[in-house]
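Written below as structure tokens is the structure these notes are about.
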Amino acid sequence: MPNLSISLAERSYDVIVEQGSLSLSGQLIQKRSLTGKIAIISDSNTAPLYSQQLISSLESAGYSSSLHIFEAGEKSKNLSSVEDIANQMVENGHDRSSFVIALGGGVVGDMAGFIASIYYRGIPFVQIPTTIVSQVDSSVGGKTAVDLAAGKNLIGIFHQPQLVIIDPDCLQSLPAALIREGMAEMVKHAALRDPSMLRRLSAMGVAINEDAGFQISYLPELPQLLADNIAIKAYFVEKDERETLGLRAFLNLGHTIGHGIEASVPFGSIMHGAAVALGLRAALYLSRKHSDMSAADEAAIIDCLRSIQLPLQLPDFVNPELALARCASDKKFKAGAIRFVLLRALGQPELVGSLTKEDLRDAISDLTEPCA
Ligand SMILES: NC(=O)c1ccc[n+]([C@@H]2O[C@H](COP(=O)([O-])OP(=O)(O)OC[C@H]3O[C@@H](n4cnc5c(N)ncnc54)[C@H](O)[C@@H]3O)[C@@H](O)[C@H]2O)c1
Ligand SMILES: [Zn+2]
């Protein structure tokens, strides 16, 4: 079983990546000496698919639990849902001796983690992520948050989980678009630290079936690939848990311009992963121009994004000037320059502080042309 440990002193925890692990959750949690009543927090899509399996396993291990379901989607990730769920938890008799299990994608994990961080001034929580984004990215690292009308993730806190249980079988029910979404983050991780992984990701990209998503039984290498990819996220989290040293900031590769594109159109009209793929292409353009990245390294990442069928050209409905304005608000510029993650080569990121608004405008304008 590919198993990882996240080393963060007294906040260290294991990440278990194993097919069938959802049905073993009760035992796996018991081994970590977690006691008390459990509040399972999940959403309206994930709970019908996986909560029964989880509850049966918890019951077999002697745990009692209550299930708290909110309506799926980013629009639920707010303080009003936090209050609703916390009230339900009180009604169900949860106190400081309880703990939380987050069962679902990144929205569930971010919000359930946030609730756990403040309920009775903080109780433990376990992540059981069920999307690729949440398995390789949001469930590891301890960033919890909810959104405000003014922006995403503006209210939050670092609260590390006690355990992360990843069952690749849960990806069987994920639609093709959400698989691509998560694979954009996997490409980002590979580009930052493991160039040889790009080929493995391309092979996986080709295996996405438009109607059936992933045929897990034909992908025996998937658990190891997920584990290797999570290890990259873990590396940056361990080096810079609270993003104070600049190393965790490398994980923003492709996200400065990606976020700008996302924020320039009505929410939901472009998927985050698609915006990240475009942001990656823009970061590669800038890395060629302002760092030493070779054309071959750039092509390796572009080819991988292409195999996953992520977009590489700005859709017509995105206005380049608006995208620039959204990613480069004047607040982010210090003395006319912005902090930006570039790649000197595959696996060699660098944080540069000298790019100007004109540089970003060039890169976004390049995105309006077909990719070579
Ligand atoms: N904390 C972090 O470090 C971090 C990192 C990256 C993203 N995030 C956050 O994560 C969120 C995005 O995560 P996401 O992409 O998982 O979104 P999500 O949680 O909204 O899940 C996407 C959709 O898939 C459904 N779903 C979940 N598991 C499924 C399954 N196995 N089969 C079928 N459908 C399933 C969900 O109900 C939802 O409709 C954002 O809120 C983002 O801010 C946080
Ligand atoms: Zn992202």
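When a ligand or atom number is given, it counts from 1 through the structure's own listing order. Because only heavy atoms are used, hydrogens play no part in the values below, and waters and symmetry mates are left out as well, while side chains stay in. Throughout, residue positions are numbered sequentially from 1 according to the sequence presented.
Checked by atom type, the side-chain pair Asn153/Lys77 shows a donor-acceptor distance below 3.5 Å.
Within 4.0 Å of ligand 1, protein heavy atoms come from Asp43, Asn45, Thr46, Leu49, Tyr50, Ala72, Glu74, Lys77, Gly105, Gly106, Val107, Asp110, Thr130, Thr131, Val133, Asp137, Ser138, Lys143, Lys152, Asn153, Cys170, Ser173, Leu174, Leu178, Lys233.
With respect to the salt-bridge test (charged N to carboxylate O, under 4.0 angstrom), the residues Arg248 and Glu241 do not qualify.
With the Zn ion (ligand 2) as the vertex, NE2 (His255) and NE2 (His272) define an angle of 100°, rounded to 10°.
The one candidate from Ser23, Ser42, Ser173 that meets the side-chain hydrogen bond (donor to acceptor under 3.5 Å, both in side chains) condition with Tyr50 is Ser173.
Cluster annotation: Leu8 is connected to Leu251 through the hydrophobic network of ILVMFWY side chains, with a link wherever side-chain heavy atoms come within less than 4.5 Å.
Between the Zn ion (ligand 2) and the N, O or S atoms of Glu185, the shortest distance is to OE2.
In terms of the salt bridge (charged side-chain N to carboxylate O under 4.0 Å, His left out) criterion, Asp292 has no residue partners (sequence neighbours excluded).
The closest side-chain heavy-atom distance from Phe214 to Asn209 is not below 4.5 Å.
The aromatic rings of His159 and Phe125 sit parallel to each other, their planes meeting at less than 30°, with 60° as the upper class boundary.
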